[in-house]
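To start, the structure itself, in structure tokens.
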Amino acid sequence: MTARRSTALKQAIWLVIAAIPHGRVCTYGDIANMAGQPGQARWVGRLLSELPPDSTLPWHRVVNASGKITHPNASKQVQRLQDEGIQTVHQRVALKRYRWQP
DNA sequence: CCTATGACCATAG
DNA sequence: CCTATGGCCATAG
């Protein structure tokens, strides 16, 4: 078994993402910070890339620090964001308006 | 051990 | 807007 990070650390990330309100978004860095793991934005993205296709986690509410969507299937993410009332322009959301920070 | 890659980020030019 | 740089970390080859 490769030495992966503890389930507790992963769970902290998942909990934060699950807590993002409907109609709001977060950045990868925000999530790392809120999960008590500052500077680990990259790992957050890595973790999300390993989510099962049928996951109920609102992964679509996560964008990068510029508000841009950098997901492999950007179209799908855009669709899901618009479905909950979040406006997107050229695969980008207005963080000033939708960013969620406790 | 090395390099390359990736749903990242801040800063500089 | 763009690219480059340095930092972060896991995984693959």
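Residue numbering restarts at 1 for every chain, and letters A, B, ... go by the order of the sequence lines. Just so you know, these numbers come straight off a predicted model, no measurement behind them.
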Inset, instruction - Quote, to the nearest angstrom, the C1' distance that separates B/dG6 from C/dG7. - result: 15 Å
Inset, instruction - Would you sketch DNA chain C in dot-bracket for me? Only Watson-Crick or G-U wobble pairs with both distances under 3.5 Å count, crossing pairs as [ ], other-strand pairs as |, the rest as dots. - result: .||||||.|||||
Legend entry - Cluster check A/L81, A/V62: I/L/V/M/F/W/Y, side chain < 4.5 angstrom: no
Legend entry - Verify same cluster id: A/I20, A/I69 (apolar side-chain graph, 4.5 Å): no
Legend entry - Sidechain-backbone polar pair: A/Y98 side chain, A/Q87 backbone, donor-acceptor under 3.5 Å: yes
Inset, instruction - Check each residue of residues 48-56 of chain A for a non-hydrogen atom within less than 4.0 Å of any atom in DNA chain B, then write out the ones that pass by number, or none. - result: A/L48, A/S49
Inset, instruction - Please list, in 5' to 3' order, the outermost nucleotides of DNA chain B lying under 4.0 Å from any heavy atom of chain A. - result: B/dG6 to B/dA10
Legend entry - For A/R46, salt bridge (Lys or Arg N to Asp or Glu O under 4.0 Å) partners two or more places apart: A/E50
Inset, instruction - Establish whether A/L47 and A/M34 are linked, either directly or via other cluster members, by ILVMFWY side-chain heavy-atom contacts under 4.5 Å. - result: yes
Inset, instruction - Kindly work out whether a path of hydrophobic side-chain contacts (I/L/V/M/F/W/Y, heavy atoms less than 4.5 Å apart) joins A/W14 to A/I31. - result: yes
Inset, instruction - Check which hydrophobic residues are tied to A/V89 through side-chain heavy-atom contacts below 4.5 Å, counting indirect links as well, and list them. - result: none
Inset, instruction - Can you measure from CG (A/L48) to NE2 (A/H60) and round to the nearest 0.5 angstrom? - result: 12.0 Å
Inset, instruction - Mind listing the residues from residues 57-76 of chain A sitting with a heavy atom below 4.0 Å of DNA chain B? Number order is fine. - result: A/W59, A/N64, A/A65, A/T70, A/H71, A/P72
Inset, instruction - Nearest whole angstrom, please: distance from the C1' of C/dA10 to the CG of A/L9. - result: 14 Å
Inset, instruction - Any pair with a residue in residues 62-83 of chain A that passes salt bridge (charged side-chain N to carboxylate O under 4.0 Å, His left out), sequence neighbours left out, goes on the list, sorted by first then second residue, please. - result: none
Legend entry - Partners meeting side chain to side chain contact (heavy atoms under 4.5 Å, CB included) with A/H90 (sequence neighbours left out): none
Legend entry - Any donor-acceptor pair under 3.5 Å from A/R99 side chain to A/C26 backbone: no
When you compare the protein's N or O atoms with those of nucleotides 4-8 of chain C, which come within less than 3.5 Å of each other, and at what distance?
unit_1: C/dC8; atom_1: N3; unit_2: A/R42; atom_2: NH1; d: 3.4

Legend entry - Value rounded to 0.5 Å, distance of CG in A/L57 from CG in A/L15: 9.0 Å
Legend entry - Nearest atoms (heavy-atom pairs only) where A/A18 meets A/P58: CA-CD, 4.1 Å
Inset, instruction - Please state the P separation for the pair C/dG13 and B/dA7 - nearest whole angstrom. - result: 16 Å
Legend entry - Pairs where residues 15-48 of chain A contributes a residue and the test ring pair (Phe, Tyr, Trp, His ring centres under 6.0 Å) is met, not counting sequence neighbours: none
Legend entry - Any residue of residues 14-32 of chain A with a heavy atom less than 4.0 Å from an atom of DNA chain B: A/T27, A/Y28, A/G29
Inset, instruction - Report whether A/I86 and A/V78 are members of the same hydrophobic cluster (ILVMFWY, side-chain heavy atoms less than 4.5 Å apart, transitive linking). - result: yes
Inset, instruction - Provide the full list of salt bridge (charged side-chain N to carboxylate O under 4.0 Å, His left out) pairs with a residue in residues 7-23 of chain A, sequence neighbours left out, each pair given once. - result: none
Inset, instruction - Determine yes or no for a side-chain-to-main-chain donor-acceptor pair under 3.5 angstrom, with A/Q37 supplying the side chain and A/L9 the backbone. - result: yes
Legend entry - 4.5 Å side-chain heavy-atom contact, A/N73 and A/S75: yes
